[in-house]
2 protein chains.
Amino acid sequence: MALEHAILVSLLEKPGSGYELARRFDRSIGYFWAATHQQIYRVLKRMEGDGLIDVREVAQPDRPDKKEYSVAAPGRTALSRWLHEPIEPESVRHELAVKIRGAAFDDPVALIDEVERHRRAHADRLAHYLAGERRDFTGPEAPGTPDAGQELQHVVLRGGIAYERMTLAWLDDVIATLQRLGPER
Amino acid sequence: MALEHAILVSLLEKPGSGYELARRFDRSIGYFWAATHQQIYRVLKRMEGDGLIDVREVAQPDRPDKKEYSVAAPGRTALSRWLHEPIEPESVRHELAVKIRGAAFDDPVALIDEVERHRRAHADRLAHYLAGERRDFTGPEAPGTPDAGQELQHVVLRGGIAYERMTLAWLDDVIATLQRLGPER
DNA sequence: CTTGTCTATGCAACGAGTTGCATAGAAGGA
DNA sequence: TCCTTCTATGCAACTCGTTGCATAGACAAG
């Protein structure tokens, strides 16, 4: 039930509606935990029923009304409990890696286009992260007053940047390997 | 349905029983696509029904009998079709990243132990990968005869190694950040 | 005035993944 | 003899995640 916790963190950072949360899951927190709006609405409803979050109907003049959610006291407690529980180290799910091994039983060269497409997607993501870093984390560091939230968001973003850089280098390695195998057969 | 394809690849690399596949998913291919034995048995049954794989009952004198599966012609076709289809670039799911951002609303220092536990798990995985690389990919390279399967398994393993190295460096960054935040408050 | 886009919320059906439990033969140690 | 471990297979219940579809107000472009 990690989506629940991701929502709690996001709502603590800033209260918002299901729609707004879905937006945030397209950026920011969603880089590390993806979710669709259907999932979010369903979980929000359950969390409200469990008393973890509060709702407030907000009438908007020039848009459809929305329901603004915020974290209730039991939600804060639940998050704190989860933070103190150990979690399993991630088990990766890399579909492309399965494809690469599968290419041994097909045409390795035919995979190159696909890998290059992934390479472009990761290059885009890296550019996007770097733009976000420049925008949000290059202010004049007021010494002695580092905001914990900012610092932690930044270290997570640095993880995303490191991940994309590593992936780009690896995909170059993959492309070179596939090309090397091509002419041989 | 990527599990189906991972199983096809694994069975092409070497036919085997559900139990043996579950073993492989604890090592090797499972590093990039995790699966439990229950999942594997269920999917094998479905794939057999769909004619993608063949079964052969194998009586074993000093062990329980097993069912050995191998890829049938329609299975090879299905795999080939999948290899030529584009897939979505992975969406990461990093629970620890959610926890790190959540730590801003709790005690950042309390997370250090957990992060160090993850660090150890990743260090173990890296050592394991490196041992596998030494074992399987340091033979005397017969020039001009690179086995495509070997080459591709190696490049995927190199990806795993790069991932673990990057993760270790990032977790060090995370620990340093959490420590920096500690005394400040 | 229709079409498309953006905000905003939701249902229904299905498929994928997890957890707990159950069975059973063979081997080895206490 | 009993207990545990390893091989080997499987069911049932449940939760999580995905896909397709539906509604509806506001606004802009054609």
Side-chain angles (χ1 to χ4, degrees), chain A residues 1-7 11 15-27 30 32-50 53 55-69 82 85 87-95 98, chain B residues 1-8 11 15-27 30 32-50 52-53 55-69 82 85 87-95 98:
Chain A
M1 273 196 234
L3 177 55
E4 211 170 274
H5 302 116
I7 288 176
L11 287 180
S17 68
Y19 187 83
E20 282 159 358
L21 280 170
R23 284 287 124 123
R24 292 185 212 169
F25 274 82
D26 287 339
R27 315 175 274 97
F32 312 101
W33 199 272
T36 60
H37 79 272
Q38 291 87 344
Q39 243 182 301
I40 291 167
Y41 282 122
R42 199 186 324 134
V43 173
L44 279 174
K45 193 145 278 186
R46 191 187 63 215
M47 289 170 74
E48 194 204 326
D50 295 346
I53 51 178
V55 208
R56 195 169 61 94
E57 284 272 349
V58 177
Q60 301 185 119
D62 51 352
R63 291 179 191 187
D65 298 353
K66 67 173 182 179
K67 298 181 183 173
E68 197 181 71
Y69 291 94
W82 176 68
E85 270 168 19
I87 52 173
E88 285 299 301
E90 329 290 320
S91 56
V92 185
R93 293 234 150 155
H94 213 310
E95 217 176 344
V98 177
Chain B
M1 273 195 233
L3 178 54
E4 212 169 272
H5 302 118
I7 287 175
L8 286 172
L11 287 179
S17 67
Y19 187 82
E20 282 158 358
L21 280 171
R23 283 288 123 123
R24 293 183 213 170
F25 275 82
D26 287 340
R27 314 176 274 96
F32 312 99
W33 199 272
T36 61
H37 80 272
Q38 289 89 343
Q39 243 181 302
I40 290 166
Y41 281 121
R42 200 188 321 136
V43 173
L44 279 174
K45 193 145 280 187
R46 191 187 63 213
M47 290 169 75
E48 194 204 327
D50 293 346
L52 301 178
I53 52 177
V55 208
R56 196 169 61 93
E57 284 273 348
V58 178
Q60 299 186 119
D62 52 352
R63 291 178 192 186
D65 298 353
K66 67 173 180 179
K67 298 183 183 173
E68 198 182 70
Y69 292 93
W82 177 68
E85 270 168 21
I87 52 172
E88 286 299 301
E90 330 290 320
S91 56
V92 185
R93 291 234 151 155
H94 214 309
E95 216 176 344
V98 178

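Naming convention: chains lettered A, B, ... in sequence-line order (proteins, then strands); numbering from 1 in each chain.
The interatomic distance linking Trp33(B) (CH2) with dA16(C) (P) rounds to 10 Å, in whole Å. Atom CG in Asp50(B) sits about 14 Å away from atom C1' in dG15(C), given to the nearest Å. Rounded to whole angstrom, the span from the CD1 atom of Ile40(A) across to the C1' atom of dT18(D) amounts to 13 Å. The interatomic distance linking Leu3(A) (CG) with dT15(D) (C1') rounds to 12 Å, in whole Å. Nucleotide dG17(C) holds its P atom 9 Å from the CZ atom of Arg42(B), rounded to whole Å.
A donor-acceptor pair is defined here as one N or O able to donate and one able to accept, closer than 3.5 Å; such a pair exists between the side chain of Arg93(B) and the backbone of Ala34(A). Between the Glu4(A) side chain and the Val43(A) main chain, no donor and acceptor come within less than 3.5 Å of each other.
Crowding of Glu88(A) atom CD: a count of heavy atoms from other residues, nucleotides or ligands under 6.0 Å not exceeding 12.
Pairing each heavy atom of Val98(B) with each of Trp33(A), the nearest pair is CG2-CB, 4.1 Å.
In this structure, Ile7(B) CD1 and Arg24(B) CZ are separated by 10.5 Å, a value rounded to the nearest 0.5 Å.
For Gln39(A), a side-chain nitrogen or oxygen approaches OP1 or OP2 of dT18(D) to under 4.0 Å.
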### Summary
Going 5' to 3' through nucleotides 2-11 of chain D and flagging B where a protein heavy-atom sits under 4.0 Å of the base, S where only the sugar-phosphate is that close, and - otherwise, we get -----BBBBB
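Look at Glu48(A) and Lys67(A) and you find no salt bridge, because none of the NZ, NE, NH1 or NH2 atoms lies under 4.0 Å from a carboxylate O.
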